There are 2 protein chains.
Amino acid sequence: MNTADHTVLRRFANGVHDHGRCVSGAMAKAELACAASGRRLTPLRRRVLELVWGSHLPVKAYDVLAILGQERAQAAPPTVYRALDFLQSVGLVHRIASLNAFVGCGEPQRGHVGQFLICTQCGAVAELADPALAQRVRRSAERLGFAVQRETIEVEGVCRSCRTSPVVLGPSP
Amino acid sequence: MNTADHTVLRRFANGVHDHGRCVSGAMAKAELACAASGRRLTPLRRRVLELVWGSHLPVKAYDVLAILGQERAQAAPPTVYRALDFLQSVGLVHRIASLNAFVGCGEPQRGHVGQFLICTQCGAVAELADPALAQRVRRSAERLGFAVQRETIEVEGVCRSCRTSPVVLGPSP
DNA sequence: GTTCATGTGTTACTACATAACAAATCTGGT
DNA sequence: ACCAGATTTGTTATGTAGTAACACATGAAC
Ligand SMILES: [Zn+2]
Ligand SMILES: [Zn+2]
Ligand SMILES: [Zn+2]
Ligand SMILES: [Zn+2]
């Protein structure tokens, strides 16, 4: 596995892997990030973050809510959305606007430029951090006198894994 | 007004201008685009397109519905969404995912690469068509074996007009 | 004018997100 | 330990966005 590419914050989960490591790694980084910024990673927030990291697919807020509701009696939409807002503010999760869904950030300490690749086949999401690309967007905007605050790039396509071994949908049962 | 920049498909409406010209021009182009592709620009679809072009701000589907409901008794969500779906398929309007809103496309015949500048002050939206930028995104994705189908870039910031004459919000009445 | 495709009306529903206020919990100072 | 203020969570209700399914109407093609 090529881990040398420093522009990939979150890679596609191609094939089998020890996803427990993904999760535990993410949780460890989350603890650090919160401690560093003096924010509190409460059990609820921690649990929501775990659920977002449940797979490499983007996760819907109401899916998190459904699972949370099985674990604790008291779980309503604000419960989840507040936790997600917090996690976003610390940079631990990102919201994919085109999907109304959330993904965990692989490198919360690194600057997030909001570049996402979304596979239309398997639904997985990768996150990039290509500073040159961000710079290019900035320049293009500035030629119009536009001062960029935040840039979001969401690219739909087909990931390598799905290109090499395409998913063939069988007939409905 | 600098109209020489061929990468700007839809500019910010800085200051006063004859917006009737914007609308009539857009409608004329819409007629052409539909005729060219053999699609039918029915009165309903035409009216929805006019409403989307009502201002240079992105327009919400339910706002269109509210106005439409005053004009014709029969107007429900599907009425608007179907018209918007059609207009999108012809390239006459674009959906801004981060706003859940729609804007008219200034150049429906040109290829749409989905590059938008969104002013957080005045809410106006400009559309760019920077092929080099699109190419850059494509290359960045392809290095990961990702085959791009559609790329959406939504940049938040402050437009020139709002930077030079910032809007100061007065106290609530 | 019959046929078939396309477009529209209508009802009902699902999904996504936030407002507002109450209760609980944590924090720092005494 | 105690209190006061801030933060977090519970709770109820509501607002906002989008779609499924089917009936009916309209248009073009033959
Ligand atoms: Zn994993
Ligand atoms: Zn895939
Ligand atoms: Zn105008
Ligand atoms: Zn502005």
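Keep in mind the model is a prediction, meaning the values are calculated, not measured. Letters A, B, ... are given to chains in the order of the sequence lines, protein chains preceding strands, and every chain is numbered from 1.
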Colleague: Within the sub-3.5 Å range, which N or O atoms of nucleotides 13-17 of chain C have a protein N or O partner, and how far apart are they?
Modeller:
| residue | atom | partner | partner atom | Å |
| --- | --- | --- | --- | --- |
| dC16(C) | OP1 | Lys60(A) | NZ | 2.9 |
| dA17(C) | OP1 | Arg95(A) | NH1 | 2.1 |
| dA17(C) | OP1 | Arg95(A) | NH2 | 3.4 |
| dA17(C) | OP2 | Tyr81(A) | OH | 3.0 |
| dA17(C) | N7 | Tyr62(A) | OH | 2.8 |

Colleague: Between Glu71(A) and Arg47(A), does at least one N-O distance fall below 4.0 Å, as a salt bridge requires?
Modeller: yes

Colleague: From CD of Gln74(A) over to P of dT12(D), roughly how many Å is that when rounded to an integer?
Modeller: 11 Å

Colleague: What is the distance, to the nearest angstrom, from the CG atom on Leu44(B) to the P atom on dT6(C)?
Modeller: 18 Å

Colleague: Using whole Å, what does the distance between atom C1' of nucleotide dT9(D) and atom CZ of Phe86(A) come to?
Modeller: 14 Å

Colleague: How many Å lie between CG on Leu65(A) and C1' on dT11(D), as a whole number?
Modeller: 13 Å

Colleague: Determine, for Asp130(A) against Arg136(B), whether the closest basic-nitrogen to carboxylate-oxygen distance falls under 4.0 angstrom.
Modeller: yes

Colleague: In whole angstrom, what separates Arg39(B)'s CZ from dG7(C)'s C1'?
Modeller: 12 Å

Colleague: Check whether any side-chain heavy atom of Leu44(A) lies under 4.5 Å from a side-chain heavy atom of Leu68(A), and answer yes or no.
Modeller: yes

Colleague: Between His94(A) and Gln88(A), do the side chains contain an N or O donor and an N or O acceptor separated by less than 3.5 Å?
Modeller: no

Colleague: Not counting sequence neighbours, which residues clear salt bridge (charged side-chain N to carboxylate O under 4.0 Å, His left out) with Glu31(A)? List them please.
Modeller: Arg46(A)

Colleague: Enumerate all atom pairs, one protein N or O and one N or O from nucleotides 20-27 of chain D, separated by less than 3.5 Å.
Modeller:
none

Colleague: Nearest whole Å is fine: how far is dC26(C) P from Leu41(A) CG?
Modeller: 14 Å

Colleague: Given side chains that start at C-beta, do those of Val155(A) and Phe146(B) come closer than 4.5 Å, heavy atoms only?
Modeller: yes

Colleague: Could you state the CZ-P distance from Arg72(A) to dA24(C), rounded to the nearest angstrom?
Modeller: 16 Å

Colleague: Could you tell me if Arg150(B) and Thr120(A) have a donor-acceptor pair between their side chains, going purely by distance under 3.5 Å?
Modeller: no

Colleague: Any idea how Tyr81(A) and Tyr62(A) line up, ring-wise: parallel (<30°), tilted (30 to 60°), or perpendicular (>60°)?
Modeller: perpendicular

